[in-house]
Amino acid sequence: MSVLKIYNTLSRQKEVFTPIQKNTVGMYVCGMTVYDFCHIGHARVMVVFDVVARYLKHLGYDVKYVRNITDIDDKIIARANDAGEDFNQLTTRFINEMHRDEASLNVLKPDLEPLATESIDNIVTMIQTLITKDNAYMGPNGDVYYAVESFKNYGQLSGRQLDDMQAGERVEVDKNKRNPFDFVLWKSAKPDEPSWPSPWGAGRPGWHIECSAMSTCCLGNHFDIHGGGMDLQFPHHENEIAQSESATGERYVNTWMHNGFVRIDDEKMSKSLGNFFTVREVLKKYRGEEIRFFVLSSHYRSPLNYSDEQLNESRSALERLYTALRGIMPVQSTAKSDYISRFENAMNDDFNTAKAVSVLFECANEINRLRKTNINEAANRVADLLSMAQPLGLLEQNPDEYLQSSLGSDQTLSEADIDEKINQRLQAKADKNWSLADQIRDELKEQDVILEDSGSSTTWRRA
RNA sequence: GGCUGAGUGGCAGAGUGGUUAUGCAGCGGCCUGCAAAGCCGUGUACAGCGGUUCGAUUCCGCUCUCAGCCUCCA
């Protein structure tokens, strides 16, 4: 039996995972900024870290999973102004929408979901500490900045030196800063902007400080795993390390995990490029489980190319797995099967879900082989398949219901209609009226209902 | 310019110093009234050039190509 290894961005290698406190894991993931619907890139973060949390629990750890919500920032303010509504209304709406998307993707709720706007006290306290320790200063414009040169390890996570970076390449250098890479901790409010009181006047927190404050508040100064998308590596997570370690004087995070991007035509999917699909849009054509399978079909650090073709393949793949489960009740065997071991070996290797999923298919194949010859053993393998699918958050539906479910909107034939057609056809078959039987089958196929004869009975599923 | 990561069979996508990934699609067979599903079988795959090695897709070097980050971003 292998042990869990996780690729740590900080060391750029896989490391044996050892929690700070035996048997418990604290994990923080940077969540959404809630000013719009989630896109498939967000879905990837949600699903990937949901699987990490599920698998850690599967290994027996007591997991505390925290994922924050950024509910105040420039874009939120801009959107709220455009819509002529209070920023709170906007964020509340999109938090609800986000929760709906998560439910569709079978993403379990994190244990804590702190909001930036509810963490202002902690944020202010941390900024005060940073000023006291000379890691932060107030600029001429009244904003409070973190001084990157005050932190000797700045750049350790992203593997870059302050001197090597090209300040001002894309954004004009702010003259209020001592160093171009200094970043804002507290932003003073302009008239009519949402604001909170602070020792530096009314304002709002900068983006990076909220995560430092919320994570240390929820999980302690030093915790096990911190995750997020690749793009957060720099500057967001680099800045979090600087802030947190300066403020607490302790090591901040042991393991940094970053997931790869979703791409479209080999280009990063992002809001700024405008080439994104929302989860909501994709759910009109595909089941949440199909999207989830698609995400898990490649390794979390690899790029993931989005296309209908890919989603169609995920659909076929899930059909195969559910078909294997059909008609056999799981029976847990006493001995741990080889499939489970191989599955865990794959997952222990930095959550290699692509490899892990391949074990599910091999198990499905075994079930199909055994179902005619050894139903008891087949039932054991069904139990294996389900227990492997559990940490992946897959195959939780009833197989028949899954295979007979439609995506709703264009539901033309009811189950009763289908049953009636099947009965007509069974009669035709009994009469050896093959042309009528085939005609009925073809008619149903036109409506995306596929018949499968087995002996004297007929089952059906939707295409 | 600096720093990452990647190039695998028709497609997607794992992995490995010498032996089957897996899924989808294809082809042949079994099953079936015929199908569907399933089962069995089947594919001169590892960007290019050098090097190390008995042997490299797997290690090393170089080249080419692609993607990402360098204060919007999951």
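None of these values were measured; they are calculated from a predicted model. Convention: sequence-line order gives letters A, B, ...; per-chain numbering from 1.
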Say whether, by atom type as modelled, one donor and one acceptor occur between the side chain of [X] and the main chain of [Y] under 3.5 angstrom.
X        : Y        : answer
A:Gln310 : A:Ser307 : no
A:Asp265 : A:Glu267 : no
A:Tyr146 : A:Ala242 : yes
A:Arg462 : A:Gln404 : yes

Could you run through nucleotides 37-42 of chain B and give me one letter per nucleotide, 5' to 3': B if any protein heavy atom sits under 4.0 Å from the base, S if only the sugar-phosphate is that close, - if neither? SSSS--

Closest nucleotide among [options] to the [X] side chain:
X        : options             : answer
A:Ser298 : B:G15, B:A14, B:G33 : B:A14
A:Ser316 : B:G33, B:G2, B:C24  : B:C24
A:Glu362 : B:A74, B:U22, B:G33 : B:U22

B:U57 and B:A45, which share atom name P, separated by this distance in whole Å: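 Pairwise P distance, B:A45 against B:U57, rounds to 12 Å.
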
Using the P atom on both, measure B:C40 against B:C31 and round to a whole Å.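 Per the computed distance, 15 Å lies between those P atoms.
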
If you take atom types as modelled and just measure distance, does the side chain of A:Arg44 reach the base of B:A74 with a donor-acceptor pair under 3.5 Å?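 It does not, because no donor-acceptor pair links the side chain of A:Arg44 to the base of B:A74 below 3.5 Å.
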
Provide the closest heavy-atom pair for A:Tyr7 versus A:Thr255 in the form atom of the first, atom of the second, distance.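 Smallest heavy-atom distance, with atoms named: O-CG2, 4.4 Å.
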
Can you run through RNA chain B from 5' to 3' and write each base as (, ), [, ], | or . depending on how it pairs? Watson-Crick or G-U wobble, both distances under 3.5 Å. (((((((..(((.....[...))).(((((.......)))))....(((((..]....))))))))))))....

Reckon A:Asn352 has a side-chain N or O less than 4.0 Å from the OP1 or OP2 of B:G15?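 Result: yes.
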
Pick the closest RNA chain B nucleotide for A:Tyr300 and for A:Gln161 by heavy atoms, then say which residue is nearer the 5' end.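 The 5'-side residue here is A:Gln161.
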
Output yes when A:Lys445 and A:Asp442 qualify as a salt bridge under the 4.0 Å nitrogen-oxygen rule, no when they do not.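 Salt bridge absent between A:Lys445 and A:Asp442.
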
